[in-house]
Structure formats: structure tokens, C-alpha cells
Amino acid sequence: MSSVLSPTAALLLGILSLTDPGQGPAHPRDADVRAMVQHAAFDPTTYFPSRYIRDHSIVRIAYTGDDYGWPVYSIAIAEGCIAGETVPRDGCASRLRARMVRAPADPDAVRPRVLGARLVSRVEGTGARTPEEVRKALGEENLEWVEADLRACPGALDALAESAEAEWVPDAITNPRPEDAMTGLVLHADIVRVDFSQYARLTTYSGWIAERSPAAWAVGLAATLEPCWEPAPEQPPWLRPD
């Protein structure tokens, strides 16, 4: 959850946070483990690998919580056949699939970010300090590794198409006015990164879940896919050789 503040309130809170030890950065060790967890399990570029192309995905979403970037979930979408599949090419050319890794569910978590923070804390608590140890610790966690068929999932194709209607550049940038200098300033926001890629083209958005933003679109797409997830048939990324 994030808070949108008036410019005056934001400035006051920013000044106060400089002297508040409770607002300091995460412990360096936590940051290192978090980065290794992110790389091993929450990097959506690893969800559709093949022998010759590292990443077959055309859409990638990564939801991280709070200023510290706690990994909550990541989604990748790929079309067509993936190298190594045993299905004849004409049987998979029309496929449109999504795969997701999500931090283990926790009924006591009041915000999505809590799931990622607790996951990193548990991995750090095992004493894991190297990528190999982190991968081993993740293997003991109940991470969700799931797949969905967008063509069979109700509303999924429509939700995917709605990405074109998202506001990729806010008005405060395309039509800046002095009085809007701090419009949309937020503190402690969850951040969503969205990538669309095709051959030599890449479109990227990273930001808080502002209304009509690509981040809001991505969260909506994830909600549409929710009832359609099934266990993914492939080996999860954290169990593959790096």
C-alpha cells in the first residue's frame, strides 16, 4: 500500500526520515540475500528458457514491495513453441502461456510486500550466504510455480489487449506545469516493472500502481489469471543450474 502526499507533507516527512533510525536502509546482508532470491526465483526472463534463446517471453511483470524491493511475484508470457518441447510444432505454434513465481501464501499478511519480506527473512535465517545456498533454501520453501493458458483463461486475452490503453507517460511529464512539480509523489510504494519485448523492440515501465498506469494494468492482468493457474510442468528456475 502506498500513500500519495501533498508536496508540503512529503517534504516534512522526507526531512524527518533523515533523522529517524527506523527509516534506515536494510541490513547489507538482507540486501544481498534479497538480491539472490530475486535472481534465483523472481527473474521472469528465466521462465521460458530454451537451448538457443535465453528468454522467449514477450511480456514480463515483476511486483516488488516497499522501498526495499521485497519480491512478491513475477510473471512471464510467451507465445508459440519453446525449444525442447516434445509437442509437434504445429501443435504449439498458437500457444500463449503465462508462468508465475509467487512468494508463499501467508494468511496473516495484510499487504503483498509482507510475503516477500518474510520469504527473504526465512531464507536469510537458514544461514544461506551464497547463490547455491539460497537456491537450496528456496527449494525448502513452498513457492508457487504455476502456468496458465491465456487462450483458455476467461478474460485473459482481453486483459492482455488492455495494455495498449495504459497511460505509459503521465500528463505531468508530457504537459508539465510548475504547480504540478510534485504531483503523484508517493512514499513506501510497491513497485511493478513491466516489459514488452519483440525482436529489437523493448518497452519498459517501472513505477507505483497509479491509476491507469501499466503497473495497474499488470495487477489487473494478474487478477484475471488467478483462477487459471495450474502447476507448471517445467523445472522451477531456482532448481536449474545458474
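FYI, side chains are in, hydrogens and waters are out, and symmetry mates aren't considered; it's all heavy atoms of this structure.
- Distance check: R113 CZ to D67 CG gives 7.5 Å after rounding to the nearest 0.5 Å.
- A chain of hydrophobic side-chain contacts below 4.5 Å, direct or via other Ile, Leu, Val, Met, Phe, Trp or Tyr residues, connects I61 to V219.
- L115 and A109 get closest at one heavy-atom pair: CD2-CB, 3.6 Å.
- Residues satisfying the side-chain contact (heavy atoms from CB on, under 4.5 Å) criterion with A148, sequence neighbours excluded, are L225, C228, W229.
- Between the side chain of R129 and the backbone N or O of V134, no donor-acceptor pair lies under 3.5 Å.
- When all heavy atoms of P44 and S57 are compared, the pair lying nearest together is O-OG, 4.4 Å.
- Take T45 and apply the side-chain hydrogen bond (donor to acceptor under 3.5 Å, both in side chains) test, not counting sequence neighbours, and it matches D43, R54.
- Put simply, the side chain of F42 reaches to within 4.5 Å of the side chain of L143, judged on heavy atoms.
- For the salt bridge (Lys or Arg N to Asp or Glu O under 4.0 Å) test, residues two or more places apart in sequence or in another chain that qualify with D195 are R60, R193.
- Interatomic distance, Y73 OH to M100 CE, rounded to the nearest 0.5 Å: 8.5 Å.
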Checklist entry - Where do D190 and V72 land on the side chain to side chain contact (heavy atoms under 4.5 Å, CB included) test, with the steps shown first? => result CA-CA 10 Å; D190 290 353; V72 178; 6.0 Å; no
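- The nearest pair of heavy atoms linking P104 to R122 is CG-NH2, 3.6 Å.
- Applying the ring pair (Phe, Tyr, Trp, His ring centres under 6.0 Å) test to every pair with at least one member in residues 146-171, sequence neighbours left out, gives these pairs: W168-F196.
- E133 pairs by the salt bridge (Lys or Arg N to Asp or Glu O under 4.0 Å) definition with nothing, not counting sequence neighbours.
- When side chains are defined from C-beta on, W217 does not count as touching V192, because their heavy atoms never get closer than 4.5 Å.
- Sorted by first and then second residue, the ring pair (Phe, Tyr, Trp, His ring centres under 6.0 Å) pairs with a member in residues 102-152 read Y47-W145; sequence neighbours excluded.
- Looking at every heavy atom in both residues, W70 comes nearest to G116 through CB-C, 3.8 Å.
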Item to check | Verdict with reasoning, R240 to T46, per side chain to side chain contact (heavy atoms under 4.5 Å, CB included) | outcome: CA-CA 10 Å; R240 300 186 208 124; T46 65; 4.1 Å; yes
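- Atom-to-atom distance recorded for D66:CG and R111:CZ is 8.0 Å, nearest 0.5 angstrom.
- No more than 12 heavy atoms of other residues, nucleotides or ligands shown are found within 6.0 angstrom of CD on E230.
- With sequence neighbours left out, A40 forms a side-chain contact (heavy atoms from CB on, under 4.5 Å) with R135, L138, W238.
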Using atom types as modelled, flag every donor-acceptor pair under 3.5 Å from a side chain in residues 151-164 to any protein atom, sequence neighbours excluded.
from, atom 1, to, atom 2, distance (Å)
R151, NE, S94, O, 2.4
R151, NH2, S94, O, 3.4
S163, OG, L160, O, 2.8

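- Listed by chain and residue number, nothing satisfies the salt bridge (Lys or Arg N to Asp or Glu O under 4.0 Å) test with D149 (two or more places apart in sequence, or in another chain).
- You'll find the side chain of I191 reaches within 4.5 Å of the side chain of S206, heavy atoms only.
- With hydrophobic clusters built from ILVMFWY side chains whose heavy atoms lie under 4.5 angstrom apart, V120 does not share a cluster with V114.
- Applying the ring pair (Phe, Tyr, Trp, His ring centres under 6.0 Å) test to every pair with at least one member in residues 93-120, sequence neighbours left out, gives no pairs at all.
- In this structure, the salt bridge (Lys or Arg N to Asp or Glu O under 4.0 Å) partners of E167, at least two apart in sequence or on a different chain, are R212.
- Looking at every heavy atom in both residues, A98 comes nearest to F48 through C-CZ, 4.2 Å.
- By the side-chain hydrogen bond (donor to acceptor under 3.5 Å, both in side chains) test, E147 pairs with R99, sequence neighbours left out.
- In this structure, E141 does not pair ionically with R118, as no charged nitrogen and carboxylate oxygen lie closer than 4.0 Å.
- Distance CG/L119 to CG/N142: 10.5 Å, rounded to 0.5 Å.
- Residues Q38 and T64 have side chains in contact (heavy-atom distance under 4.5 Å, counting atoms from C-beta outward).
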